[in-house]
Amino acid sequence: MQKPSLPEGTRDFGPEQARRRAFIFDTIRSVFVKFGFQPIETPAMENLSTLTGKYGDEGDQLLFKILNNGDYLKAADAEVLASKNSARLVPQIAKRGLRYDLTVPFARFVVMNRHALTFPFKRYQIQPVWRADRPQKGRYREFYQCDADVIGSDSLHYEAELIQIYDEAFAKMNIPVTIKINNRKVLYGIAEAAGVADRFVDMTVAIDKLDKVGIEGVRKELTERGFAAEAIAGIETTLAAPSWEALRPVFSNSETGRKGLDELERVFQFLKKTRLQNAVQFDITLARGLTYYTGCILEVAANGVQMGSIGGGGRYADLTGVFGMPGLSGVGISFGADRIYDVLEMLERFPETLADTVRVLLMAFDEPTHAYAFECLCRLRAAGIPAELYPEPGKLKKQFEYAAKCNIPFAAIIGETEMQTGTMTVKDQQTGEQRSMPVEEWIEALSKQV
RNA sequence: GAGGUUGUGGCUCAGCCGGUUAGAGCGUCGGAUUGUGGUUCCGAAGGUCGGGGUUCGAGCCCCUCAUCCUCCCCA
């Protein structure tokens, strides 16, 4: 016999957890639907060629590869095999991989289905993704993303809409959050203003850590990455700007930077037309790892909780370009359902109403009454009352214990007398109250309570 | 990829400087006049301690594997 176990970074979900997760998914989905997004689903696995090169070198490392079927080593090049070079061997023995996020599969979907889609196309997708990351708190190897993206329009009102979605969904889930916004063009402007436009990516990686390591840490990191002292000084003064409006003069020589500011301004203009329940905050240090973002970038942090971001997204000018469909702009967001779960648990904000659903447990004494009880069971269910019949007739003690453990609020005793009179004796497990009535009347009484 | 933590009955854990038959709580099962629970009482079953090694002898030492956590990066 072997001891069962789970792969690192994966989890089972019991009934209570599964219900709570369903609550999260349902809440997010309802907001997506309200904002006009349509559901799609894509396969868990994609061709490796679809996935590789989309997430940077680190991302490629974190892809789960699926070994080819059959005698896959036979098909591999002997020389590559002998070289023991994994990077070279992988494409020869694995042609598929598990999806790393939902955005790239979505881009693939759009390209393949362009004939059937009407643009702008708004889709949502709630499915698991896999990353071969080292697991730790709030980080799993299998987790769900809940994505909403609009593709085929560069209107900034969608950015505002997506922020509204974040705001509304987290309000519904009772999690106070801060929605952070920045713009990749602003980051580029910083680099341009400091004369290090060619080192743009390195720079953003460094300043992304500002809130974590402080300005000293950023300075150190930039130095280590080989930035000149005057460039670092330039970056620092820009970061110190009190507001995004204050960046205008700094970006006098950066058209891209000014464009970024214009975009932010537009988004805030839209947002002024609505009332939000959470704060939207410009955060110049917000960078986000994914290389394909080109415009606004968003990230959501739960207030007062030690937890990485519980949502993120942004604008990508040309995501479908790599798949042969250039010029299609998209913007999207993602909810990290698993982290949201952890936050809700830490904050104890799950609704109490997510209880077990079975309302009545029927109990019988012997075969004849069990058969009659089954008939009653069917009638209850037909009336829409979630009911359950204890499988073995006999001792009530056992049956009552079962009802108590399963949190079933009503226990219906069905014996000789009940069978002959067409009644049920129902006990309210909470109050201990118990009385007999015809089955029909119980059905009526119990349906009202739901 | 680097560092740390933990690994004992179904679950949560205890186990002093290595030394005779490894403990507890919860849970499970049975019982306290067989049409009544969640309270109580009594009793029982169930581990050879992740795997391998060192040692006269190991749950406590070494190795290995797994887990979780931290860094990197990210949801």
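What's counted below: heavy atoms across the whole structure, side chains too, no hydrogens, waters or symmetry copies. Lettering of chains follows the sequences in order, A, B, ..., and the numbering in each one begins at 1.
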Novice: Over how many whole Å does the gap from I175(A) atom CD1 to rA75(B) atom P extend?
Specialist: 17 Å

Novice: Could you state the atom-to-atom distance from NZ of K54(A) to P of rC74(B) in whole Å?
Specialist: 18 Å

Novice: Which whole number of Å gives the distance between the P atom of rG59(B) and that of rG23(B)?
Specialist: 13 Å

Novice: Which listed nucleotide (rC68(B), rC74(B), rC73(B)) is nearest to the side chain of E58(A)?
Specialist: rC73(B)

Novice: Assess R315(A) against Y293(A): is NZ or CZ under 6.0 Å from the centre of the six-membered ring, and within 45 degrees of the ring's axis?
Specialist: no

Novice: Show, in sequence, the C-alpha distance, side-chain angles and deciding distance for Q434(A) and T425(A), and conclude whether the side-chain hydrogen bond (donor to acceptor under 3.5 Å, both in side chains) test is met.
Specialist: CA-CA 7 Å; Q434(A) 178 173 320; T425(A) 299; 5.5 Å; no

Novice: Using whole Å, report how far CG of D133(A) lies from P of rC73(B).
Specialist: 11 Å

Novice: Is D149(A) salt-bridged to K122(A), cutoff N-O under 4.0 Å?
Specialist: no

Novice: Can you confirm if the aromatic rings of Y100(A) and F64(A) lie within a centre distance of less than 6.0 Å?
Specialist: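 Not close enough - the centres of the two rings lie 6.0 Å or further apart.
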
Novice: Output yes when at least one side-chain N/O atom of Q136(A) is less than 4.0 Å from OP1 or OP2 of rU70(B), else no.
Specialist: yes

Novice: Can you tell me, in whole Å, how much space there is between the P of rA22(B) and that of rC65(B)?
Specialist: 31 Å

Novice: What distance, rounded to whole Å, do you find between the two C1' atoms, one in rU6(B) and one in rG15(B)?
Specialist: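 My reading of the C1' atoms in rU6(B) and rG15(B) gives 16 Å.
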
Novice: Are D366(A) and T369(A) linked by a side-chain donor-acceptor pair shorter than 3.5 Å?
Specialist: yes

Novice: Is Y140(A) touching bases, backbone alone, or none of the nucleic acid, heavy atoms closer than 4.0 Å?
Specialist: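 Counting heavy atoms under 4.0 Å across all strands, the contact made by Y140(A) includes a base.
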
Novice: For the pair made of CD in E299(A) and P in rC73(B), what is the distance, rounded to whole Å?
Specialist: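 Whole-Å distance recorded here is 13 Å.
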
Novice: What's the closest nucleotide to the K209(A) side chain, out of rC74(B), rC71(B), rC73(B)?
Specialist: rC73(B)

Novice: If I pick the P atom on rU64(B) and the same atom on rG4(B), what distance separates them, to the nearest angstrom?
Specialist: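 These two P atoms come out 13 Å apart once rounded.
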
Novice: For the residue pair F282(A) and F268(A), is the inter-centroid distance of their aromatic rings smaller than 6.0 Å?
Specialist: no

Novice: For a stem of at least 3 consecutive Watson-Crick or G-U pairs with distances under 3.5 Å, i pairing with j, i+1 with j-1 and so on, which stems involve RNA chain B?
Specialist: B:1-4 with B:68-71, B:10-13 with B:23-26, B:28-32 with B:40-44, B:50-53 with B:61-64

Novice: Just the table, please: protein N/O against nucleotides 35-43 of chain B N/O, every pair under 3.5 Å.
Specialist:
residue	atom	partner	partner atom	Å
rG35(B)	O6	T417(A)	OG1	2.7
rG35(B)	N1	E418(A)	OE1	3.2
rG35(B)	N1	E418(A)	OE2	3.3
rG35(B)	N2	E418(A)	OE2	3.0
rU36(B)	O2	K427(A)	NZ	3.1
rU36(B)	N3	Q434(A)	OE1	2.9
rU36(B)	N3	Q434(A)	NE2	3.2
rU36(B)	O4	Q434(A)	NE2	2.3
rG37(B)	N7	K427(A)	NZ	2.8
rG37(B)	O6	Q429(A)	O	3.3
rG37(B)	N1	Q429(A)	O	2.8
rG37(B)	N2	Q429(A)	NE2	3.3
rG37(B)	N3	Q429(A)	NE2	3.4

Novice: Testing T42(A), I151(A), D101(A) for side-chain contact (heavy atoms from CB on, under 4.5 Å) with F106(A), which one passes?
Specialist: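 It is I151(A), the one option of T42(A), I151(A), D101(A) that forms the side-chain contact (heavy atoms from CB on, under 4.5 Å) with F106(A).
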
Novice: Take the protein atom CZ of R139(A) and the nucleotide atom C1' of rU67(B), then report the distance between them rounded to whole Å.
Specialist: 17 Å

Novice: How many Å lie between CD on Q399(A) and P on rU34(B), as a whole number?
Specialist: 15 Å

Novice: Classify the nucleic acid contact of V129(A) as base, sugar-phosphate or nothing, counting any heavy atom under 4.0 Å across all strands shown.
Specialist: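 It contacts nothing in the nucleic acid.
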
Novice: Describe the nucleic acid contact of S334(A) in one word from base, sugar-phosphate, nothing, applying a heavy-atom distance below 4.0 Å.
Specialist: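 No contact.
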
Novice: Are Y124(A) and F37(A) an aromatic pair, judged by ring center distance below 6.0 Å?
Specialist: no

Novice: Please give the distance between the C1' atoms of rA58(B) and rG18(B) as a whole number of Å.
Specialist: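 Those two atoms are separated by 6 Å.
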
Novice: Work out how far the C1' atom of rU5(B) is from that of rA66(B), and round it to whole angstrom.
Specialist: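 One C1' to the other, the span is 13 Å.
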
Novice: What integer distance in Å separates R131(A):CZ from rC74(B):C1'?
Specialist: 6 Å

Novice: Are F335(A) and Y144(A) close enough, and set up right, to give a ring-ring contact (aromatic ring centres under 6.0 Å, His included), and what steps lead you there?
Specialist: CA-CA 8 Å; F335(A) 287 79; Y144(A) 270 71; over 10 Å; no

Novice: Round to the nearest Å and state the distance from D147(A) atom CG to rA75(B) atom P.
Specialist: 10 Å

Novice: Taking atom types as they are modelled, is there a donor-acceptor pair under 3.5 Å from the base of rC74(B) to the side chain of R339(A)?
Specialist: yes

Novice: What's the closest nucleotide to the side chain of S309(A) if the choices are rA75(B), rC68(B), rU70(B)?
Specialist: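 Comparing rA75(B), rC68(B), rU70(B) against the side chain of S309(A), the answer is rA75(B).
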
Novice: Any side-chain N or O of K398(A) below 4.0 angstrom from OP1/OP2 of rG31(B)?
Specialist: no

Novice: Starting at the 5' end of RNA chain B and moving along, which residue's nearest nucleotide shows up first, K137(A) or Y144(A)?
Specialist: K137(A)

Novice: Between rG9(B) and rG50(B), how far apart are the two C1' atoms, rounded to whole Å?
Specialist: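 After rounding to an integer number of Å, I get 15 Å for this pair.
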
Novice: For nucleotides rG3(B) and rC60(B), find the distance between their C1' atoms and express it as a whole number of Å.
Specialist: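 One C1' to the other, the span is 24 Å.
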
Novice: Using 4.0 Å as the upper bound for N to carboxylate O, is an ion pair formed by E388(A) and R359(A)?
Specialist: no

Novice: For the residue pair K427(A) and F400(A), would you count it as a cation-pi contact if the rule is NZ or CZ under 6.0 angstrom from the ring centre and within 45 degrees of the ring axis?
Specialist: yes

Novice: Indicate, with a heavy-atom threshold strictly under 4.0 Å, whether G9(A) touches base, sugar-phosphate, or nothing.
Specialist: sugar-phosphate

